[in-house]
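Written below as C-alpha cells is the structure these notes are about.
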Protein chains: 2
Amino acid sequence: MKVLNKNTDYAIRALLTLAANRGSYMSAKSIATQQGMPYQFLRRLLQELLKRNLIVSKGGVQGGFMLERDPHGIRVTELIEIFQGKVQVSECMFRKQICGNRAHCVLRHEIMRIEQVVQSEFEKVTIGKLLGDLQAANGPKLTTTGNQ
Amino acid sequence: MKVLNKNTDYAIRALLTLAANRGSYMSAKSIATQQGMPYQFLRRLLQELLKRNLIVSKGGVQGGFMLERDPHGIRVTELIEIFQGKVQVSECMFRKQICGNRAHCVLRHEIMRIEQVVQSEFEKVTIGKLLGDLQAANGPKLTTTGNQ
DNA sequence: ATTAACTGATACTCATTTGGTATCAATTAA
DNA sequence: TTAATTGATACCAAATGAGTATCAGTTAAT
Ligand code: FES
Ligand code: FES
C-alpha cells in the first residue's frame, strides 16, 4: 500500500527544486534532468500545479516555471489532495448492515479519527520545512550530484 | 485517496460478524447476505484469511467459517498488510538525485516518521475493540437490520 | 446411498487507475 | 528567423480493483 503516487512524489521533488531556485525561471527539462524524472510526465504535473497557482510559468526561450507561493505554506496534504484526492480511509457510505444508525456508527467514528491523524500528520510537512531540512543536511545548495 | 480497499473493508466486516458469532460455524453465504457483500468476492477473501490462520473452516452442510484467534489480537494493520501490502509512504528507493546520501536523507526520514504514525494509529484498532464499541452502541447483538 | 449445502481452488472478465509517451500550436529571447 | 520553451490534448500499455463463474471435494441430513 503506497501512500504517495508518482505524481505526488514527483511534485514534491519538483517543488523542492523550484523552491531551491526561487526568483528565477527554471525549465521543465532541467528539472526533469536534474531530478531524473520523465519529462512529459513532469510537464503534465507542472501544468496542474500551474492551474492551481502554486507556480507561475513563462513560455519561450529562457522560460520555465517559478515558485509562486511561500514554500512554508505548501503542505504535502495539499499535493496529495490535488493528485490523489482527499484522504479518506474507506468509502463507507450509506452502508446498511453492521451500522444500525449511521450517525452513531462506531466504525465510522474510528475511521474518521484515523483520517484526522493521517491528515494532520501530513499537514505538518511543508515544502519549506523539507527544503530547510535538506539544506541543513546537504549544505546550502540542493545537491544535484548525489551519489546514491 | 482511499486508504482501505474493498478487500480490507469487507474483511473487517466479515471478521466482526464472525467475532459476534464465535464458537459456531457461519457460512460465507450467510455472512454475505447479512452484510450485503458480493458472495464470491467474500469467499476469496475468506480463503485468504483461512490461509493466514485467522479463521478456520469446515466444508459441507452446516459448514462455514469460525474465528480462530482472539479478536483483540487482530489488528486492522494486519488486514491492510494482507490485502494491500505493507504501508509505505513512497517507493523512494535508491533515488539518486535530491538525496545526496540516502542514509541521511531527510525526505526519507520524514516519510518514515509518517509511516510510523499511520502504522501505529491503525494498530490501535482491533476487531475486538471495534466489536466492543459496536455492541456498546447497538446493544448486545451485532445488528443486522440496520435502517440506513 | 443420495442429495443439498457447503468449502477449495482457480480462472475469468471488465472498468479504472497509473505511469508514461507523443504531437502540435503558441510564445519568447537571442 | 530560429531554437527553446510552455499550453493543450490525445494516446498507450500495464497494473490494479472489483466482481463473476466453474467445478471438484466434503459433510450432514434424509
Ligand atoms: S456507516 Fe459506514 S461503517 Fe458504519
Ligand atoms: S532516499 Fe528516497 S527521497 Fe531520499
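Counting to the nearest Å, the P atom of dT6(D) and the CG atom of Leu45(A) are 13 Å from each other. Rounded to whole Å, the distance from CZ on Phe41(A) to C1' on dA10(D) is 16 Å. Between Leu50(A) atom CG and dG7(D) atom P there is a gap of 5 Å when expressed in whole angstrom units. If you measure from atom CZ of Arg43(A) to atom C1' of dA26(C), you get 12 Å, rounded to the nearest angstrom. Nucleotide dT18(C) holds its C1' atom 14 Å from the CG atom of Leu4(A), rounded to whole Å. Atom pair Phe83(B):CZ and dG19(D):P shows a separation of 14 Å (rounding to whole Å applied). The distance between atom CD of Gln40(B) and atom C1' of dC14(C), rounded to the nearest whole Å, is 16 Å. Note: CG (Leu49(A)) to P (dG7(D)) measures 12 Å, nearest angstrom.
Looking at which nucleotide of DNA chain C each of Tyr39(A) and Gln62(A) is closest to, the 5′-most match is held by Tyr39(A). Taking for each of Gly63(A) and Asn5(A) the nucleotide of DNA chain C with the nearest heavy atom, the 5'-most of the two is the partner of Asn5(A).
For Phe65(A), the side-chain atoms get nearest to dG7(D) when compared with the rest of dT20(D), dA3(D), dG7(D). Distance from the side chain of Val61(A) is smallest to dA4(D) among dG8(C), dG19(C), dA4(D). Checking dG20(C), dA5(C), dT5(D) against every side-chain atom of Ser27(A), the shortest atom distance belongs to dT5(D).
Closest heavy-atom contact between Tyr39(A) and Ala28(A): CE1-CB, 3.8 Å.
Cluster membership check: Val61(B) does not share its hydrophobic cluster with Ile31(B), using side-chain heavy-atom separations under 4.5 Å among Ile, Leu, Val, Met, Phe, Trp and Tyr. Under a hydrophobic clustering in which Ile, Leu, Val, Met, Phe, Trp and Tyr are joined whenever their side-chain heavy atoms come within less than 4.5 Å, directly or via other members, Met66(A) and Leu46(A) fall into different clusters.
For Ser57(A) and dT5(D), the shortest distance from a side-chain N or O to OP1 or OP2 is not below 4.0 Å. In terms of phosphate contacts, Tyr25(A) brings no side-chain nitrogen or oxygen within less than 4.0 Å of OP1 or OP2 of dT5(D). Put simply, Tyr10(B) has a side-chain N or O that comes within less than 4.0 Å of OP1 or OP2 on dG19(D). Using a 4.0 Å cut-off, no side-chain N or O of Lys58(B) falls inside it from OP1 or OP2 of dA5(C).
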Item checked: Steps toward side chain to side chain donor-acceptor pair (under 3.5 Å) verdict (Gln34(B), Thr17(B)) -> CA-CA 9 Å; Gln34(B) 196 175 116; Thr17(B) 313; 4.8 Å; no

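With respect to Arg52(A) and Glu81(A), no salt bridge is recorded, no charged nitrogen being found less than 4.0 Å from a carboxylate O.
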